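Working notes, structure below.
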Amino acid sequence: MKAIKILEKGIVQVCEVPMPIVHDGHVLLKIEYVGFCGSDLNTFRGLNPLVKLPVIPGHEIGATVVEVSDNVSSEIQVGMQVTVNPYSNCGRCSACKNNRFNACRYNETMGVQRNGAMAEFIVVPAEKIIIGSSLSARELALVEPMSVGFHAVDRALVTDNDVVLVLGCGMIGVGAIVGAALRGATVIAVDVSNTKLELAKKLGAQFTVNSAEEDLQVRLDELTSSMGADVVIEAVGRKETYLAAVDAAAFTGRVVFIGYAKDAIPFDTQFFVKKELDIKGSRNALPKDFEAVKSYLKTGTCPMDELITAVYSPEDAQAALESWVKDPGNVFRILIKF
């Protein structure tokens, strides 16, 4: 069968690989759509330390069930449209014992620490199947990245009394914006792309700030009467945004970091104490986050066509990633259609 592999930095190739074997308790899926995410882009750019090349990328999945093995719940039926929880969990580490399987110490995410879904067929454990519930395969390919943003909102305990500042309006930031808006919060979206900020408004952000064109702290003071944001969600992973998150947080505010910073960051830790901040990390997503995103997408209010920047064939995967590298500010999500 056909599969996409990132062979080395900057080199993608369509390869022939063996059909996967369907073991007991597993499900065979025909891949319809898979999204390229930021981790795939960093793998292509040679900036992902978690990946061992070559690797089949992809974990944002829209697929059809084509075979169900023995010892699988009757809820999963051939012909269903589904997506996949792409994270593994050991069941034994402290995170798993605390029912936070998303943060398993030994997690291996598809397309990162192990081969992913950019192939014609994949086999996954039945417990990782998420039934589409009337969503199309194309819509389902957006569920996982948005779920990561929803999870950060849940980690921040966002309520309708909160001002929530979201740093970064890529797909994960978009998930945080939608998740916070659905809880009734006042959302301020920050990015350096006016294209992304315009879409952030459509997704529930009441205010936007282009931090390349105006002073974020000055604008935030104007919007919050110098109080700061009750919640800051960092969805970029840069030194500048990590530091800005702490600066922007109100006294007794909550700061949630999703983005992976590539370099060590020298914090002025006095503000952790003076502001009595709650600082949390947010990793991956839980099943309830996937379900919440599905419920949102079923409302039909999501501007899907604006979130999907382009759809490419497997043979054009190299061009797809090259286009993202050249114009990162105007790309939300690129899908591969098998």
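Model, not experiment: these values are computed from the prediction. Excluded from the calculations below are hydrogen atoms, water molecules and symmetry mates; all remaining heavy atoms, backbone and side chain alike, are included.
The aromatic ring centres of Y87 and F101 sit 6.0 Å or more apart.
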Open item on the list: Apply side-chain contact (heavy atoms from CB on, under 4.5 Å) to residues Y33 and I336 and explain how you reach the verdict.
Closed with: CA-CA 6 Å; Y33 292 92; I336 297 294; over 6 Å; no
Task: Verdict with supporting geometry, K288 and D154, salt bridge (charged side-chain N to carboxylate O under 4.0 Å, His left out) - done: CA-CA 10 Å; K288 66 177 182 178; D154 197 53; 3.0 Å; yes
Open item on the list: Apply side-chain contact (heavy atoms from CB on, under 4.5 Å) to residues K201 and F207 and explain how you reach the verdict.
Closed with: CA-CA 7 Å; K201 290 180 183 177; F207 305 99; over 6 Å; no
TODO: Walk me through it: do D289 and S147 pass the test side chain to side chain donor-acceptor pair (under 3.5 Å)?
DONE: CA-CA 5 Å; D289 304 309; S147 297; over 6 Å; no
- [ ] Show your reasoning for whether side chain to side chain donor-acceptor pair (under 3.5 Å) applies to E32 and T64.
- [x] CA-CA 7 Å; E32 310 291 348; T64 302; 2.8 Å; yes
TODO: Begin from the C-alpha positions of E144 and I130 and carry the test side-chain contact (heavy atoms from CB on, under 4.5 Å) through to its verdict.
DONE: CA-CA 10 Å; E144 190 274 342; I130 298 169; over 6 Å; no
- [ ] Under the side-chain contact (heavy atoms from CB on, under 4.5 Å) rule, what do M118 and V34 come out as? Steps first, then yes or no, please.
- [x] CA-CA 6 Å; M118 286 201 177; V34 188; 3.8 Å; yes
TODO: Kindly determine whether T195 and N330 satisfy side chain to side chain donor-acceptor pair (under 3.5 Å), including the steps that lead there.
DONE: CA-CA 6 Å; T195 299; N330 291 314; 2.8 Å; yes
Open item on the list: Assess the residue pair S136 and E139 against the criterion (side chain to side chain donor-acceptor pair (under 3.5 Å)); give the C-alpha distance rounded to whole Å, side-chain angles, the decisive distance to 0.1 Å, and a yes or no.
Closed with: CA-CA 5 Å; S136 69; E139 291 169 319; 3.3 Å; yes
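Side chain of S69 to main chain of H23: a donor-acceptor pair is present (N/O by atom type, distance under 3.5 Å, no hydrogens or angles). No donor-acceptor pair closer than 3.5 Å links the side chain of D221 to the backbone N or O of V218. Looking at Q113, its side chain never comes within 3.5 Å of a backbone N or O of M110 through a donor-acceptor pair. T109 places no side-chain N or O within 3.5 Å of a backbone atom of V112 that could act as its donor or acceptor partner. Here the side chain of R183 pairs a donor or acceptor atom with the backbone of V158 at under 3.5 angstrom. Side chain of R254 to backbone of L157: a donor-acceptor contact under 3.5 angstrom is found. Under the 3.5 Å distance criterion, the side-chain polar atoms of K280 are matched with a main-chain donor or acceptor of R155. In this structure a side-chain-to-backbone donor-acceptor pair under 3.5 Å is present from Q81 to A137. A donor-acceptor contact shorter than 3.5 Å is absent between the side chain of K128 and the backbone of H26. For R283 (side chain) and C104 (main-chain N/O), a donor-acceptor pair under 3.5 Å exists by modelled atom type.
Residue-environment remark: NZ (K9) stays at or below the threshold of 12 foreign heavy atoms within 6.0 Å. Within 6.0 Å of atom CD in Q270, more than 12 heavy atoms from other residues, nucleotides or ligands are found, so the atom counts as buried in its surroundings. No more than 12 heavy-atom neighbours from other residues, nucleotides or ligands sit within 6.0 angstrom of CZ on R238. Heavy atoms of other residues, nucleotides or ligands lying less than 6.0 angstrom from NZ of K239 number 12 at most. Within a 6.0 Å sphere centred on CZ of F267, heavy atoms belonging to other residues, nucleotides or ligands number more than 12. Heavy atoms of other residues, nucleotides or ligands lying less than 6.0 angstrom from CZ of R100 number 12 at most.
Of the candidates V22, V84, V72, V72 is the only one forming a side-chain contact (heavy atoms from CB on, under 4.5 Å) with V27.
At a cut-off of 3.5 Å, with distance as the only test, a side-chain donor of N102 or H151 sits close to an acceptor on the other residue. Side-chain N/O atoms of N89 and N107 include no donor and acceptor closer than 3.5 Å. Side chains of D316 and S313: a donor on one and an acceptor on the other come within 3.5 Å.
To the nearest 0.5 Å, the span separating CD on E108 from OG on S88 amounts to 5.0 Å. Taking CD from E291 and CD1 from I131, the interatomic distance works out to 9.0 Å, rounded to the nearest 0.5 Å. Residue Y260 holds its OH atom at 9.5 Å from CG of N48, rounded to the nearest 0.5 Å. D40 contributes atom CG, which lies 10.5 Å from atom CD1 of I334 (distance to the nearest 0.5 angstrom). Atoms CG and CG, from D24 and N71 in turn, are 4.0 Å apart once rounded to the nearest 0.5 Å.
Across A3 and A119, no two heavy atoms sit closer than the pair CB-CB, 3.8 Å. The two residues M227 and A250 make their nearest non-hydrogen contact at O-CB, 3.2 Å. Across T208 and E214, no two heavy atoms sit closer than the pair O-OE2, 4.3 Å. The two residues L142 and M304 come nearest to each other via the heavy atoms CD1-CE, 3.3 Å. What you find for A245 and E234 is that their closest heavy atoms are CB-CB, 4.5 Å. For the residue pair F36 and E60, the shortest heavy atom distance occurs at O-OE1, 4.1 Å.
Cluster annotation: V17 and V66 are assigned to the same hydrophobic cluster (Ile/Leu/Val/Met/Phe/Trp/Tyr, side-chain heavy-atom contacts under 4.5 Å, transitive). There is no path of hydrophobic side-chain contacts, each under 4.5 Å, that joins L286 to M146. Hydrophobic clustering, with ILVMFWY side chains joined whenever heavy atoms are under 4.5 angstrom apart, keeps F150 apart from V236. Cluster membership for V255 and V231, using ILVMFWY side-chain heavy atoms within less than 4.5 angstrom, is not shared. Linking ILVMFWY residues whenever their side-chain heavy atoms come closer than 4.5 Å, directly or via other members, places V187 and I258 in the same cluster.
The shortest distance between side-chain heavy atoms of I233 and L167 does not fall below 4.5 Å. Counting heavy atoms from C-beta outward, C37 and M171 have side chains that stay 4.5 Å or more apart. Taking 4.5 Å as the limit, some side-chain heavy atom of F272 sits within range of a side-chain heavy atom of T269. Two residues are said to be in side-chain contact when any heavy atoms from C-beta on lie closer than 4.5 Å; K2 and E315 meet this criterion. Taking the side chain as every heavy atom from C-beta outward, V55 and N115 approach each other to under 4.5 Å. In this structure, L199 and F332 have side chains that are in contact, with non-hydrogen atoms separated by less than 4.5 Å. Residues L216 and V190 meet the side-chain proximity criterion, which asks for heavy atoms closer than 4.5 Å. Counting heavy atoms from C-beta on, the side chains of S323 and V331 never come closer than 4.5 Å.
The aromatic rings of Y242 and F257 sit parallel, their planes meeting at an angle under 30°, below the 60° perpendicular limit.
Using a 4.0 Å cut-off between charged side-chain N and carboxylate O, D305 and R138 make a salt bridge.
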